[in-house]
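Chain identifiers are assigned alphabetically (A, B, ...) following the order of the sequence lines, protein sequences preceding nucleic acid strands; residue numbering begins at 1 within each chain.
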Amino acid sequence: MSDLNKNYFEKITYRDALRLAMHDAMQEDKNIIIMGEDVANYGGAYGATKDLLKLFGKERVIDTPISEPAIVGAAVGAAMSGLRPVAELMYVDFFGMSMDQIANQLAKIRYMFGGQISAPMVLRTQGGTGRSGGAQHSQSLESWIMHTPGLFLSMPAKPNDAYHLLRHALKIDNPTIFIEHKLLYNTTGTLDKNDIGAPFGKANILRKGKDVSIISYSRMINYAEKAAEILEKENISAEVIDLRTLYPLDRETIITSVNKTKRALVLSESYYTSSVPSEITSIIFENCYKVLKKPVIRYTAEDTPVPVAPNLEKNYIPTIEKIVEYTKKVCN
Amino acid sequence: MSDLNKNYFEKITYRDALRLAMHDAMQEDKNIIIMGEDVANYGGAYGATKDLLKLFGKERVIDTPISEPAIVGAAVGAAMSGLRPVAELMYVDFFGMSMDQIANQLAKIRYMFGGQISAPMVLRTQGGTGRSGGAQHSQSLESWIMHTPGLFLSMPAKPNDAYHLLRHALKIDNPTIFIEHKLLYNTTGTLDKNDIGAPFGKANILRKGKDVSIISYSRMINYAEKAAEILEKENISAEVIDLRTLYPLDRETIITSVNKTKRALVLSESYYTSSVPSEITSIIFENCYKVLKKPVIRYTAEDTPVPVAPNLEKNYIPTIEKIVEYTKKVCN
Amino acid sequence: MSNTLLPKLYKTMKRIRTFEERVSELFIKGESAGTMLHLSIGEELGPACVGTAMQENDTFTTHHRGHGIFVARGGDPNRMLAEIAGKKDGYCKGKGGSMHIADMTLGHLGANAIVGGGIPTVVGAAMSYKYLKQERVSVAFFGDGAMQQGILYESMNMASLWKLPVVFCCINNQYGMGTKIENAVGVKDFSKRAESFGLNTLHVNDLDVESAYHKSKEIIDSARKFKPGFIEIECYRFYGHARMDKSPYRDESEESEKRKLDPISFASNQMIKNNILDEADIKKIDNDIMIEMDKAMEFAINSPINDETEIFKDVYSENDPLPVSLDEKINKILNN
Amino acid sequence: MSNTLLPKLYKTMKRIRTFEERVSELFIKGESAGTMLHLSIGEELGPACVGTAMQENDTFTTHHRGHGIFVARGGDPNRMLAEIAGKKDGYCKGKGGSMHIADMTLGHLGANAIVGGGIPTVVGAAMSYKYLKQERVSVAFFGDGAMQQGILYESMNMASLWKLPVVFCCINNQYGMGTKIENAVGVKDFSKRAESFGLNTLHVNDLDVESAYHKSKEIIDSARKFKPGFIEIECYRFYGHARMDKSPYRDESEESEKRKLDPISFASNQMIKNNILDEADIKKIDNDIMIEMDKAMEFAINSPINDETEIFKDVYSENDPLPVSLDEKINKILNN
Ligand SMILES: Cc1ncc(C[n+]2csc(CCOP(=O)(O)OP(=O)(O)O)c2C)c(N)n1
Ligand SMILES: Cc1ncc(C[n+]2csc(CCOP(=O)(O)OP(=O)(O)O)c2C)c(N)n1
Ligand SMILES: [Mg+2]
Ligand SMILES: [Mg+2]
């Protein structure tokens with residue numbers, strides 16, 4: 001990684017921003033360890049922990065067996081005992097086998113034990129389509145987590161947010177689920193370490209607009225921005241809101257924006273039904289129904305498993321063209 | 001169980017309706033087997049499989065080790081190979097450890113293999129509060145399932161529906177998740193085997209009304225009915241809709257009702273955020289926003305883990321008094 | 001025989017049993033929070049020998065049948081019973097109840113209602129101790145049923161691979177709810193499983209608590225030197241699975257036969273036979289324990305219930321706002 | 001030597017390797033669906049010996065590195081490559097791809113992208129066969145990495161407890177992605193684990209495919225008589241984990257040393273040495289295979305892509321309506 005000690009990067013990848021965040025946090029706090037499948041030698045399936053083994057040694061960067069339930073469970077135990085683990089699940093799809101440790105243990109420890117203890121750890125993972133990974137390697141399962149009280153949930157789209165939110169997650173006293181996207185790692189942006197940074201629970205208005213609010217998170221934010229550019233040429237001014245964290249959720253920014261624009265689209269790459277967009281759509285209706293000019297549109301992936309064939313996979317999730325099309329209709 | 005051969009029961013428990021459904025189905029189809037922890041000798045933790053061992057023998061009613069992931073996984077394999085298993089998870093909370101087999105295997109088998117095969121099985125379990133079971137034995141996790149394409153999802157509240165939906169689930173070619181409620185087993189109702197029965201995807205209007213629609217499922221249906229009685233005395237006519245199945249979901253009945261009443265409450269015992277009520281609330285707003293007189297109210301359990309202390313647990317979920325109170329405000 | 005630990009071990013076992021009897025009474029009096037109360041009557045030997053062999057800073061997790069282990073590790077009966085009653089003075093403010101009872105200051109990393117759920121916790125705790133260079137061992141207690149939870153083998157492998165100060169302790173009471181062990185496992189020799197993962201093993205299948213203590217201590221001491229271990233204590237669950245269960249699935253003759261294998265009367269006979277204590281001494285001990293537990297009972301019953309705002313506490317850290325109640329949420333929408 | 005199976009086994013191994021080389025080419029040509037392609041080059045012995053020892057009606061599941069097993073069990077290279085290309089003529093209409101390739105009519109109960117995910121499937125399949133009195137064995141193939149997935153032990157216990165016609169077959173290629181087996185397990189002797197659950201075991205650690213075939217057959221035949229088994233085949237993953245991985249985490253010297261342990265050249269040398277086939281015979285076989293696989297390649301490349309409506313098919317049964325597309329959902333709301 002170029003220049004570990006720089007404070008400002010004009011152009012850094014999302015991957016490197018995450019690496020840098022772990023690096024800086026580990027230098028500050030020697031109780032931070034990293035554990036997961038292939039995080040050490042291999043540097044992480046998507047390279048987010050590359051070189052950290054060399055820098056921090058195998059006591060702190062630990063390759064684990066392929067035992068997802070026990071990886072999360074051991075991280076929980078370590079978090080209860082003085083360490084601050086960053087555990088990595090290679091694919092978000094592996095929530096399936098580890099939801100007991102995530103939802104029944106990690107999320108509930110503080111509560112069940114009446115506030116005696118917490119498990120301050122970060123569970124990093126990545127999801128989403130784009131690599132023909134198929135039904136078991138391409139999901140977006142944030143809704144399961146958002147439906148689990150006790151967890152913080154972060155899904156940054158931009159390198160600067162990735163850096164600061166991960167840094168922040170490694171300081172707070174709440175267990176945090178940190179979901180990246182496999183197609184974001186190579187995307188680039190600026191990073192300013194001296195920025196105030198993205199706090200949890202504060203959405204980012206990436207683009208001011210007056211005609212419609214496009215609300216999203218993770219990779220779909222980049223689609224939203226591209227759509228907004230196209231829409232601008234057609235004289236539609238879209239406000240693009242990057243939620244960045246889903247718990248805490250910045251309801252205020254959403255509501256304020258929609259009260260202004262009176263129209264909204266909610267974008268996500270997850271399944272449609274009982275999803276994060278269902279929640280956000282409800283919130284908007286509940287709070288803005290008096291001013292809304294059109295129904296809120298939630299545009300997600302199809303309600304089917306993820307197909308492998310590239311032509312199917314591409315059209316399985318929202319496309320920029322369709323975002324533009326629906327937004328225009330909403331603004332009609 | 002009294003009189004296995006009767007076709008009409010004036011008063012039967014929810015538990016016995018389920019037992020009878022399994023009994024009748026097993027008599028009709030010798031490829032149906034039951035498997036799960038303590039389903040045979042013990043008759044099921046909540047008694048739903050009592051005596052079936054005696055009637056059908058240990059080849060068909062199988063006690064399993066305490067291995068939830070493999071219980072679901074083995075049932076999936078059996079379902080792909082000629083049997084039609086009814087697998088039982090003792091508590092819905094154990095979805096945590098078995099979501100991989102449920103969501104990544106069972107739900108996706110037909111799709112991943114391009115329609116070559118299906119896994120026609122029923123996964124029975126029970127959830128909900130009311131027994132001071134605490135944070136890990138009292139949840140309502142239907143949202144995780146509803147957010148998983150490929151699964152049918154049934155949550156009947158009444159003995160007649162429990163019977164017919166289970167019978168139906170044991171005939172269709174889709175994997176079905178069947179979630180009961182621990183406090184429903186002792187409740188009673190009629191059972192008419194010659195009834196057309198509840199088909200999947202058809203809600204039941206338990207009570208016609210014109211002022212407000214109360215939409216719910218599982219145990220909260222009984223709360224809704226009691227609230228409706230009280231409201232009637234105060235001249236508010238509530239329509240009570242029992243969804244019975246969450247997939248397929250009877251959107252038509254919901255929409256038609258709310259278009260008529262122009263007011264709606266959605267009740268559930270699950271967490272609030274990113275929940276089944278979030279979905280239903282969105283659907284109502286999307287389809288009825290032009291006629292709605294008040295925002296749709298979703299009334300669920302609190303967004304916290306479930307506490308053990310009985311006084312806390314009781315107020316953690318919706319109460320009849322509050323349902324009445326909120327409905328009155330909605331009708332104001 | 002002069003420096004025998006038998007009186008101490010006896011006392012621990014007796015305190016466990018007397019405590020559990022009070023739990024049972026609490027239920028009968030209608031003062032318990034629910035009926036999911038899993039008593040360790042008949043199973044006191046394991047908690048006593050392993051609990052005593054652990055050192056002060058050692059830690060542990062327990063399964064749903066964990067009162068006994070907690071008592072053996074110093075749990076305060078007052079706050080324990082108050083927790084089981086769902087009261088404010090309980091260890092977890094009544095929010096965890098019997099199945100989540102714990103005192104972190106005593107190294108109790110939590111009772112767990114998920115069979116096997118607390119097992120990987122000790123792996124992580126041991127990772128901490130090793131990394132932080134603390135000489136501590138972490139012990140996972142669980143039932144024979146948990147031997148069929150995959151997470152146990154994932155945890156054993158990690159402990160073995162990373163040479164962690166961990167002991168896995170199986171309290172094998174022959175049943176998982178109504179299922180006899182023969183109907184749950186293909187092979188009953190659990191030590192062989194643990195050995196195949198590279199653990200030191202100990203199988204206790206008699207009533208001699210002092211000998212079991214010494215053997216357990218060896219396993220724990222080895223674990224402290226980074227050779228993880230496995231202990232299986234065979235015993236018999238004298239009563240039902242939970243407070244309501246009358247065990248209709250097993251023979252009364254089996255029960256009465258097996259209840260004769262009582263580690264407490266065995267220890268008391270041993271003490272008398274070997275002139276360690278006489279009957280009067282023992283009666284005195286028993287009596288003191290009875291008084292202690294009666295007081296705990298009174299404490300629990302008199303403890304106040306929680307204010308409803310307690311529902312919203314302890315979900316997130318103290319620095320975070322409490323989750324908004326449904327009432328507030330709904331009224332806000334309605335008043336919009 | 002007259003009724004040796006070596007030519008047959010050789011041919012199977014060679015077909016696997018040649019197939020995998022075509023998968024690799026498919027990728028290079030930009031015709032594969034993605035890059036998550038896990039080749040079994042170097043690992044052909046296991047699929048060949050176990051696949052051949054299975055009977056016609058036997059069934060199996062595979063892991064993500066399952067092309068070889070599928071070829072050994074009769075998979076049609078045309079439809080396999082088309083699937084890997086994500087095309088309409090693929091076994092799963094291109095919706096499953098390399099990691100979910102399967103042909104149910106050949107008893108392939110599915111390749112799985114979840115490490116360990118397909119293991120309990122064979123337990124359930126075997127429950128069916130036993131109940132339905134069909135003389136069939138179901139075999140789960142998986143990697144050494146899956147030996148650390150708890151569900152394997154849950155499955156082994158069930159197979160042992162219920163005496164099921166099941167074989168667990170571990171293709172131990174020494175690596176789980178970039179992690180060497182020494183860094184993943186405390187004890188490398190996997191047979192001991194399986195034995196402790198009551199399974200018959202076989203550990204193959206040489207290149208003699210015919211001898212491995214005979215030993216595997218014994219395990220499978222025992223399983224058919226309700227004594228479940230475990231087979232471990234040690235081998236070496238000649239190339240990267242998936243198509244993009246150049247294995248920077250391991251020494252080139254290790255690789256070149258280990259690639260000498262090639263079951264295919266070993267078998268070809270055996271045949272020549274023992275006068276079973278001469279070089280010309282073998283060349284003929286190889287050539288036929290090349291032609292077969294070239295045709296498969298052509299078939300895959302020429303196979304059409306799917307219509308987009310395919311996204312919505314196969315989610316629920318044919319009797320159910322297709323899921324409504326987002327486009328229809330959204331337009332309906334907008335046109336309301
Ligand atoms: C994962 C999980 N599965 C099932 C249960 C329900 N259950 C509670 S205790 C129990 C029996 C456990 O047996 P064992 O582990 O031997 O402990 P014991 O009760 O005999 O002390 C079962 C099945 C549970 N709590 N968690
Ligand atoms: C449950 C799960 N964890 C992790 C992965 C990511 N992954 C895919 S293959 C693999 C290595 C598997 O190693 P092994 O089982 O030995 O099979 P091999 O690739 O060596 O054939 C990993 C970690 C996965 N697909 N599923
Ligand atoms: Mg037991
Ligand atoms: Mg491997």
Side-chain angles (χ1 to χ4, degrees), chain A residues 37-45 58 62-71 90-91 93-94 96-97 130-138 265 271-273 294-318 322 325-326 329-330 332, chain D residues 32-36 83 85-88 90 92-100 112-117 143 145-151 176-180 183-185 241 245 248-250 305-308 310-315 322-327 329-331 333-336:
Chain A
E37 293 157 18
D38 285 301
V39 294
N41 258 323
Y42 197 99
K58 68 183 166 47
I62 304 166
D63 277 332
T64 65
I66 308 176
S67 309
E68 285 78 6
I71 290 170
M90 209 182 274
Y91 286 80
D93 311 71
F94 310 156
M97 46 184 31
R131 291 198 61 219
S132 282
Q136 299 173 331
H137 273 60
S138 313
L265 233 97
Y271 303 122
Y272 180 82
T273 303
K294 278 281 167 111
V296 180
I297 295 303
R298 40 184 173 138
Y299 184 22
T300 65
E302 300 293 347
D303 248 347
T304 77
V306 188
V308 158
N311 67 314
L312 302 184
E313 193 195 31
K314 183 169 165 287
N315 289 299
Y316 166 81
I317 61 163
K322 287 279 179 186
E325 177 189 325
Y326 300 144
K329 285 192 187 165
V330 166
N332 217 338
Chain D
S32 68
T35 67
M36 295 193 198
E83 185 59 38
K87 299 292 188 67
K88 191 169 178 157
C92 314
K93 309 188 214 161
K95 286 155 79 170
S98 163
M99 295 199 291
H100 302 298
N112 217 300
I114 300 291
V115 167
M147 292 296 304
Q148 280 62 252
Q149 281 289 355
I151 202 165
M177 250 179 90
T179 302
K180 222 181 164 125
N183 297 325
V185 306
H241 166 68
D245 173 29
Y249 43 81
R250 64 188 192 188
I305 58 169
N306 272 300
D307 190 275
E308 271 168 40
E310 193 55 60
I311 292 174
F312 304 95
K313 292 181 188 157
D314 307 319
V315 186
L322 295 184
V324 178
S325 73
L326 257 299
D327 200 50
K329 278 179 188 137
I330 292 174
N331 280 315
I333 293 168
L334 283 168
N335 299 333
N336 219 357

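Considering CG of D:Leu334 and NZ of A:Lys294, their distance stands at 6.0 Å, rounded to 0.5 Å. Between the CG atom of A:Leu265 and the CD1 atom of D:Ile330 there is a distance of 7.0 Å, given to the nearest 0.5 Å. Once rounded to the nearest 0.5 Å, the distance linking CG of D:Leu326 with CD1 of A:Ile297 reads 10.0 Å.
Not one N or O on the side chain of A:Asn311 forms a donor-acceptor pair closer than 3.5 Å with the backbone of D:Glu308. Between the A:Asn41 side chain and the D:Gly178 main chain, no donor and acceptor come within less than 3.5 Å of each other.
Inter-residue side-chain proximity for A:Asp303 and D:Phe312 is flagged as unmet; no heavy-atom pair is nearer than 4.5 Å. Residues D:Ser325 and A:Glu302 are in side-chain contact: their nearest non-hydrogen atoms beyond the backbone lie under 4.5 Å apart. Between D:Asn112 and A:Gln136 the shortest side-chain heavy-atom distance falls below 4.5 Å. The shortest side-chain heavy-atom distance between D:Met177 and A:Glu37 does not fall under the 4.5 Å cut-off. When side chains are defined from C-beta on, D:Lys329 does not count as touching A:Arg298, because their heavy atoms never get closer than 4.5 Å. Between D:Thr179 and A:Tyr42, every side-chain heavy-atom pair lies at or beyond the 4.5 Å cut-off.
Heavy-atom neighbours of D:Lys88 NZ from other residues, nucleotides or ligands within 6.0 Å: at or below the threshold of 12.
Using modelled atom types and a 3.5 Å distance limit, the side chains of A:Tyr326 and D:Asn331 yield no donor-acceptor pair.
Of the atoms belonging to D:Val185, not a single heavy atom falls under 4.5 Å from chain A. Contact annotation for A:Ala301: only backbone heavy atoms (N, CA, C, O) come within less than 4.5 Å of a heavy atom of chain D. Looking at A:Leu312, both its backbone and its side chain come within 4.5 Å of chain D, counting heavy atoms on both sides. At a 4.5 Å heavy-atom cutoff, the contact between A:Tyr299 and chain D is made by backbone and side-chain atoms alike.
Here the closest non-hydrogen pair linking D:Gly96 and A:Val308 is O-CG2, 3.1 Å. Nearest heavy atom pair, residue D:Gln149 against residue A:Ile66, reads NE2-O, 3.1 Å. In terms of heavy atoms, D:Ile114 sits closest to A:Met97 at CG2-CE, 3.8 Å. Summarising the geometry of A:Pro65 relative to D:Ala184, their closest heavy-atom pair is CG-O, 3.3 Å, with the distance given to 0.1 Å.
The greatest number of non-hydrogen atom pairs below 4.5 Å with chain D, out of A:Gly130, A:Ser67, A:Pro307, is found for A:Ser67. With respect to chain A, the highest number of heavy-atom pairs below 4.5 Å among D:Asp307, D:Asn335, D:Asp327 belongs to D:Asp327. Chosen from D:Lys313, D:Glu83, D:Lys95, the residue pairing most often with chain A at heavy-atom distances under 4.5 Å is D:Lys95. Counting heavy-atom pairs closer than 4.5 Å to chain A, the top-ranked of the candidates D:Ala33, D:Gly150, D:Gly34 is D:Ala33. Heavy-atom pairs under 4.5 Å with chain A peak, among D:Ile151, D:Asp245, D:Asn183, D:Val324, at D:Asp245. Per-residue counts of heavy-atom pairs under 4.5 Å with chain D were compared for A:Thr64, A:Val330, A:Asp93, A:Thr300; the largest is that of A:Thr300.
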